[in-house]
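For the numbers below, each heavy atom of this structure counts, side chains included, while hydrogens, waters and symmetry mates do not.
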Amino acid sequence: MLAIKNLTVTFPGRHGDFVAIEDVSMTVAPGEIHGLVGESGAGKSTIGAAVIGLLQPPGFVSGGSMRLGKTDLRTLSREAAHRIRGKRISMIFQDPQTSLNPLMTVEAQLIETILAHEDIGVDAARQRAVALLEETGIRDAAARMRAYPHQFSGGMRQRVVIALALCTNPELIIADEPTTALDVAVQSQVLDLIRTLADRRGVGIILITHDIGVIAQITDRVTVLRGGKVMEAGPTADVLGRPQHPYTRALMAAVPRLERRMDRFRLPESDAGARIVEVKGAAVPDGAGAAHAEAWLMAARDRRATDGPALEIAGLTVKFAGTRTSLFRRPAPFIGLDDISLAVRAGTVTGVVGESGSGKSTLAKAIVGLVNPAAGEMRFHGAPLPPGRDRARNDPARRIIQMVFQDPYSSLNNRQRIGGILAEPLKIYGLEPDRAARLKMAASMLDLVGLPMAAIHRYPHQFSGGQRQRIAVARALLARPGFLICDEPTSALDVSIQAQILNLLKDLQARLELSILFISHNLAVVRQMADDIVVLKDGRLVESGPSEAFFEGPQAAYSRKLLSLTPSMGMIAAA
């Protein structure tokens, strides 16, 4: 159905042409799901954009051919390409929140799309819209379609986007990271839906993702990309189970395994960011700056108590104001956390897992003081930890408890240079009064997390996603914390960059004896990181205990369900 042969995409620039895609060939048959996998910058999304005609200027297709059936996509006029886009080729984008119009109801968006491509009336378009929503698994579709996008959950919004993609019965759907931001339960539902649509409708699907587990679960064929070139391609079982190319084998080795715990992740040869060497039996970054930063952090560790729990929580309850539906009736509050009790052992990692809306991030915000609990108490190393509203500006807990957020691009100030961003904690907490000394320590901390010290003069947008997350870790460490909260720190990263960040966190936690609360919806990642585990559902504690005991034999039915929904890695070659 789709035949791509020797595709080359070029982006002209002031310093010469950049070839984003070079001599790529692939095919997609009716009813087939063809996966595109590789690191960030490999060219996966560029291929999808070239096929659907959405390449960002000044990029252009400089070589090769693309044929959809008998139609040569390269020779189409702008008007003809516009008619095919949406009609014969549709696209599912990564973030449904940004691909839906927040000012229009779901009904209006579906009907508008159908009327743009089909010669039918409004009533017939409405009936088709209802049928599409029902097909994608939205119950009571006739009533729900009158809602706005923000009134749907993330998984339901993604179903709406899939319904939009199906409006005109396309021959080909390009799904660009359709499950990246979804938890394991919702991801499983969306993947099952995509597989069902391919089988039932015979639509061909290009699935772009960095998640090897997703590739293993639903694709028929896979193409492995690196630097815009094809490293390996073929049936999914062959490529993942018996990889031939060294890069593919390295990529498979970096995949977190649910069935066993790994001491470290092996990285592709191209990884030059971490600069890790063995020193006295421990993996540490090489460089004078790194040694300087580590000695500075170790001095704080020597004064830190390591006996007993680092954090104790008893009966923690968090309530949010409910949505008012009547002028005369006070809305019932929404319970974000309901009587949560847990402990984080000093110097260990506690993993927190659960579906979206289970209360994972609310728990983190309550600990750092961004959300005020309605009941319960928290103790840090035996001392009371007051809620955020009662936590004084000079309270040591504000410095000792630090947080690494999910999206480093949003949590870093884009108008500040990296040196200013990293020096800020040193100034705010009074750890270093001299400006020159603050910048020197900021540069040393960059060396510790595997980035060049000269990067203090650059801005956040000049770094990749993985590098920005390293900067976020460095900023948290510059507060000299004893307790680190990592809220989905690798969910948006490809498998090799994720492995770099996880290796970094493992090394720092072991050497500095940090206590870490690690929040993630990826159970395979949690198994590699956590000593203990906490399972949340609808704001309630379902299960807690040692991590290995949990993965070998979970006690709660909900825990077993979460494990069963994690994409199978059975066909992936043993690392």
Side-chain angles (χ1 to χ4, degrees), residues 285 287 289-304 310-311 364-365 367-370 380-381 385-386 388 391-463 467-487 489 501 504-505 507-509 511-518:
H292 176 219
E294 185 172 355
W296 183 76
L297 290 170
M298 294 288 278
R301 187 202 69 171
D302 294 340
R303 299 193 298 269
R304 188 184 307 140
L311 177 71
K365 291 175 182 177
I367 295 171
V368 298
L370 297 176
F380 186 69
H381 286 293
L385 181 65
R391 206 172 293 179
R393 188 172 180 82
N394 60 352
D395 192 315
R398 290 189 179 273
R399 176 185 65 81
I400 296 173
I401 301 175
Q402 290 293 312
M403 192 163 177
V404 178
F405 295 91
Q406 177 175 353
D407 182 7
Y409 196 74
S410 299
S411 62
L412 299 176
N413 188 337
N414 293 319
R415 297 186 177 185
Q416 263 191 303
R417 296 183 190 271
I418 300 302
I421 291 172
L422 296 183
E424 193 171 34
L426 297 170
K427 180 180 180 180
I428 289 176
Y429 298 120
L431 298 174
E432 181 53 69
D434 181 69
R435 182 179 182 277
R438 288 197 296 267
L439 288 176
K440 181 180 179 181
M441 180 54 67
S444 297
M445 196 63 69
L446 282 179
D447 195 25
L448 181 66
V449 299
L451 290 174
M453 298 171 72
I456 62 171
H457 303 297
R458 295 161 64 185
Y459 290 91
H461 74 271
Q462 296 175 289
F463 295 87
Q467 290 172 325
R468 284 195 292 265
Q469 197 61 289
R470 288 174 183 267
I471 294 168
V473 172
R475 180 179 61 180
L477 292 176
L478 280 163
R480 266 184 170 166
F483 194 95
L484 200 61
I485 299 175
C486 299
D487 189 2
I501 298 299
L504 173 66
L505 289 173
D507 294 339
L508 294 174
Q509 190 274 330
R511 297 203 309 278
L512 303 176
E513 297 182 1
L514 289 170
S515 304
I516 296 180
L517 193 73
F518 191 92

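In terms of heavy atoms, V404 sits closest to P489 at CG1-CB, 4.4 Å. Residues L385 and A397 share a closest heavy-atom pair of CD1-CB, 3.4 Å. Nearest heavy atom pair, residue A442 against residue A423, reads CB-N, 4.4 Å. Minimum interatomic distance between P452 and L446 (heavy atoms only, all atoms of both residues): O-CD1, 3.9 Å. Q469 and F405 make their closest contact through NE2-O, 3.4 Å (heavy atoms, listed as atom of the first residue, atom of the second, distance). The two residues D447 and A290 make their nearest non-hydrogen contact at OD2-N, 2.9 Å.
Between atom CD1 of residue I428 and atom CG of residue L478 there is a gap of 11.5 Å, rounded to the nearest 0.5 Å. Atom CE of M403 and atom CG of L370 lie 7.0 Å apart (nearest 0.5 Å). Atom CD of E294 is separated from atom CG of L508 by 8.0 Å, given to the nearest 0.5 angstrom. To the nearest 0.5 Å, atoms CD1 (I485) and CG (L517) are separated by 5.5 Å. Here W296 contributes atom CH2 and L448 contributes atom CG; the two are 11.0 Å apart, rounded to the nearest 0.5 Å. Residue K365 holds its NZ atom at 13.0 Å from CD1 of I367, rounded to the nearest 0.5 Å.
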Go through the steps for R470 and I501 under the test side-chain contact (heavy atoms from CB on, under 4.5 Å), then give the verdict. CA-CA 7 Å; R470 288 174 183 267; I501 298 299; 3.6 Å; yes
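Between the R475 side chain and the P425 main chain, no donor and acceptor come within less than 3.5 Å of each other. Put simply, the side chain of R391 gets close to the backbone of V368: a donor and an acceptor are under 3.5 Å apart.
With sequence neighbours excluded, the residues satisfying side-chain contact (heavy atoms from CB on, under 4.5 Å) with F463 are I418, A455, R458, Q467, R468, I471. By the side-chain contact (heavy atoms from CB on, under 4.5 Å) test, P396 pairs with I400, sequence neighbours left out.
Side-chain atoms of P386 and D395, non-hydrogen and from C-beta on, do get closer than 4.5 Å to each other. Considering only heavy atoms from C-beta on, R511 stays 4.5 Å or farther from L297 through its side chain.
Sorted by first and then second residue, the side-chain hydrogen bond (donor to acceptor under 3.5 Å, both in side chains) pairs involving residues 419-443 (not counting sequence neighbours) are Q402-Y429.
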